[in-house]
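Residues take their numbers from the sequence shown, with the count starting at 1.
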Amino acid sequence: QVQLVESGGGLVQPGGSLRLSCVASGFFNMYAMGWYRQAPGKQRELVGTITSGGSTNYADSVKGRFTISRDNAKNTVYLQMNSLKPEDTAVYYCNRNRRTDWGPIDSWGQGTQVTVSS
């Protein structure tokens, strides 16, 4: 088990930007990582993934707007969010991903709230 702490959320206007961070208590450099989000009244969904080698993939809803990166020396993964839309409003979570099906490995943390509103 790896403890994961998300931070960087806040209130932003549509079209704005935000950078989220996910810090792990242990090593995760050999694992793929994923960012997830859960909007009010909706199920948690996978936003994007980054492999141990740095390859990324994104949900269609965020392609071209969101960028995932990682700094293994700092046990940190980032989610840079640009051109934010109201529909991006959600609690954002990170987790280690299984390469077999991209499913989550660890228990969910508290997440960080992102609110996009005028």
Does Met81 belong to the same Ile/Leu/Val/Met/Phe/Trp/Tyr cluster as Val12, with side-chain heavy atoms less than 4.5 Å apart forming each link? yes

Ile105-Val47 co-clustered via ILVMFWY side chain contacts under 4.5 Å: no

Gln13, CD: over 12 other non-hydrogen atoms inside 6.0 angstrom: no

Should Val5 and Leu18 be regarded as members of a common hydrophobic cluster, given that ILVMFWY residues are connected when their side-chain heavy atoms come within less than 4.5 Å of each other, either directly or indirectly? no

Test salt bridge (Lys or Arg N to Asp or Glu O under 4.0 Å) on Arg98 and Asp101; report intermediate values, then the result. CA-CA 6 Å; Arg98 295 186 297 266; Asp101 63 356; 3.0 Å; yes

Using a 6.0 Å distance limit plus a 45 degree cone around the ring axis, check whether Arg19 lies over the aromatic ring of Tyr78. yes

Quick one: closest heavy-atom pair of Val114 and Gly9, and the distance? CG2-CA, 4.1 Å

Gap between atom CD of Glu6 and atom SG of Cys94 - 0.5 Å precision: 4.0 Å

Considering all heavy atoms of both residues, which atom of Arg44 and which atom of Tyr36 are nearest to each other, and what is their separation? CG-CB, 3.8 Å

Consider only side-chain N and O atoms of Arg99 and Asn97, and report whether a donor and an acceptor are under 3.5 Å apart. no

Supply the atom-to-atom distance Arg96 CZ to Met30 CE, rounded to the nearest 0.5 angstrom. 12.0 Å

Shortest non-hydrogen contact from Ser17 to Asn82? OG-OD1, 2.9 Å

Heavy atoms, side chains only, cut-off 4.5 Å: are Ser117 and Pro86 in contact? no

Are Tyr93 and Met33 connected into the same hydrophobic cluster when the rule is that any two of I, L, V, M, F, W, Y join if their side-chain heavy atoms are below 4.5 Å apart? no

Interatomic distance, Glu45 atom CD to Gln38 atom CD [nearest 0.5 angstrom]: 9.5 Å

Taking all atoms of both residues into account, what is the closest heavy-atom pair of Ser107 and Asn95, and its distance? O-ND2, 4.0 Å

Counting only N and O atoms by type, is there a donor-acceptor contact under 3.5 Å from the side chain of Thr89 to the main-chain atoms of Val116? yes

Under 3.5 Å, side-chain donor or acceptor atoms of residues 55-62 against the rest of the protein: list the pairs with distances, not counting sequence neighbours.
residue, atom, partner, partner atom, Å
Tyr58, OH, Ile68, N, 2.8
Asp60, OD1, Lys63, NZ, 3.0
Ser61, OG, Arg37, NH2, 3.4

Atom pair CD/OG of Gln110 and Ser7 - distance to nearest 0.5 Å: 13.0 Å

Transitively linked via ILVMFWY side-chain contacts under 4.5 Å: Trp108 with Val77? no

Are Leu4 and Asp106 side-chain neighbours, meaning at least one heavy-atom pair lies under 4.5 Å? yes

Classify the ring geometry between Phe66 and Tyr92 as parallel (under 30°), tilted (30 to 60°) or perpendicular (over 60°). tilted

Would you kindly say whether Thr76 and Asp71 are connected by a side-chain donor-acceptor distance under 3.5 Å? no

When you measure from the side chain of Arg65 to the backbone N and O of Ser83, does any donor-acceptor pair fall under 3.5 Å? yes

